[in-house]
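Below, chains carry the letters A, B, ... as their sequence lines are ordered, and counting in each starts from 1.
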Amino acid sequence: MSETDTAKPEMSASSEAMIQIQGMHKWYGEFHVLKDINLNVAKGERIVICGPSGSGKSTMIRCINRLEEHQQGKIIVEGTELTDDVKHIDQIRREVGMVFQHFNLFPHLTVLENCILALIWVRKMSRRDAEEIGMKFLGKVKIPEQARKYPGQLSGGQQQRVAIARSLCMNPSIMLFDEPTSALDPEMIKEVLDTMIQLAESGMTMLCVTHEMGFAKTVANRVIFMDGGEIIEENEPEAFFSNPQHDRTKLFLSQIM
Amino acid sequence: MNVQKQPGPDLAPPASSVGVIGWLRKNLFSSAPNTVLTLVAAYLIYITLVPAFQWAFLNADWVGDSREACDSGGACWVFVAVRFDQFMYGFYPEAEYWRINLAFGLLIALMVPLFIEKFSRKGMLAAFILIVYPVIAYYLFSGGAFGLVHVETSLWGGLSLTLVLAGVGIVAALPIGIVLALGRRSGMPIVRAVSVVFIEFWRGVPLITVLFMSSVMLPLFLPEGTHFDKLLRAMIGIVMFQSAYMAEVVRGGLQAIPKGQYEAAQALGLSYWKTMGLIVLPQALKLVIPGIVNTFIALFKDTTLVLIIGLFDLLATIQSAFSDPNWLGYSVEGYVFAAATFWIFCFSMSRYSQALERKLHTGHAR
């Protein structure tokens, strides 16, 4: 893991709000799954969201790129409000990249084709330009030699790194991570976390749902604890881990640390 | 303490468990009941297949002009040989056979490059085959232009008619089926309702009634004097019917694609149709190749039902030959020939689908 000092550059003074969530509520039928979520994410901020299963963490970040719909409240991403308007949704999805717990690579395409598919079909690039960008990002996640292989031939850690490269190829300004290492065995978790730390160091705005507290301590500007669909506590990592305020936070931390 | 210092050597398996002897022991003679079953099966094969083989090949007559040539007591393939042209072309005028030959020859020639690995313009070739070739084939078959004599569709028959019906049916049913399957899974209520009604209606009626209604009842509803070609009516009926079945086969494949695939595509900003065309359908269709080819094979055989409306496909042509006074009593040869022809086509489709599955599987190599 990198040194604590170099992994956390100062937040820019202008702190442009990349994501603003105001009074967001979500229901699955009758079930009130997200209650009064208020969150502002500034440019370059790295936020780790933790909490027990079913607390709504994944649902909340999936609302940001409209994989889930919220019924009440506002979500504003880079100045564009997220509504039913398809144009707004497409615009936001182009700026927001997502990495999933189960990778969700396209198994019928090679690793490189996975990365350049959206560049060719959404950004309308030529194949050659797209391949150049694809290889650049595969290099950044340190697996350029796997470009012609199929996802099924790669290990879990390599697949997740391809997934990260695939999202990065679209040049997003925000990256969402939904438990990216939860489906990996311990040997591979490190290589994925290293990639994410490297990404953080480059100044990417990141929202990360994870149980990897070491990662939170290394890289996060803020840690948010959610339970029962609400944000219970949020704080800087040192304060969060050493001095949790709420009882539920204390209970959660005592169980996982 | 037990520590194995070096990996153990690779030994050869015992002789009696591999090779032909091993296979026989394991599969045919592994226990007393199995041995008995093997012997009984061998006996049944002997008493059924051997006489059949003798009848069909060893004692059969292959050459000749009339029934006098059939005197060996076996199958009289002379019957098939003499009437072969009719079985192939129906009532198509003999002078114009070359047009049918040209049409099918052209199709085969166009399709050969699709099977060559290195051929690069497969997309364009496929588009040509699907869009331009049918027009060429239509004019070759029907004529009436470019100096070709017009041949009415009621004269088309035999294997060439079966292939036309099956070909059109197969090529049309798959895309329509895909659209219906997507429609049935759509979030838009009207699209979904229309797809469901279409699928359930066409699946609920037997093909025979569809053909019958199209041929007998449709003219009652049309204004006086409109002539809606009978073959065209039959084709439309077959295509509607089979695309409903195809829709459900494709829907099964669509259901099997994990939601994560849709989500990853959405997160990358792909639109609905790009997600379907690039991500979901390639995977879904590959999954249901067995079901799709099954539907194609069923379609091929269902074309025989056009007999009901007076179109003479291969089977109907052969059956009509039974009433020829010169060739009475050779219906067995006729039916065996029909069965063999159908079997060749259906089995070829089946083998091709297996080869296709093997080839596409390389994308998922683990």
Checklist line | Close side-chain approach of A/Val86 to B/Tyr272, heavy-atom, < 4.5 Å | finding: no
Would you say [atom1] of [X] has more than 12 non-hydrogen atoms from neighbouring residues, nucleotides or ligands within 6.0 angstrom?
X: B/Lys301; atom1: NZ; answer: no
X: A/Glu145; atom1: CD; answer: yes
X: A/Lys74; atom1: NZ; answer: no

Notebook entry, point to check: Measuring heavy-atom distances to chain B, does A/Leu105 have an atom under 4.5 Å in its side chain, in its backbone, in both, or in neither?
Noted result: backbone
Check: Considering all heavy atoms of both residues, which atom of B/Leu268 and which atom of A/Met170 are nearest to each other, and what is their separation?
Finding: O-CE, 3.6 Å
Notebook entry, point to check: Closest heavy-atom contact between B/Ala264 and A/Phe106?
Noted result: CB-CE2, 4.0 Å
Name each donor-acceptor pair under 3.5 Å that joins a side chain in residues 90-100 of chain A to protein atoms two or more places apart or in another chain, with its distance.
residue, atom, partner, partner atom, Å
A/Arg93, NE, A/Asn65, O, 3.0
A/Arg93, NH2, A/Arg66, O, 3.2
A/Glu95, OE1, A/Ser173, OG, 3.1

Check: In terms of heavy-atom pairs under 4.5 Å with chain A, which of B/Ala267, B/Ala265, B/Pro258, B/Pro282 leads?
Finding: B/Ala267
Checklist line | Interface residues of residues 117-144 of chain A facing chain B - heavy atom cut-off under 4.5 Å | finding: A/Leu117, A/Ala118, A/Trp121, A/Val122, A/Lys124
Next item on the list: First locate atom NE2 of A/His102, then atom NZ of B/Lys259, and finally report the distance between them rounded to the nearest 0.5 Å.
Entry: 12.5 Å
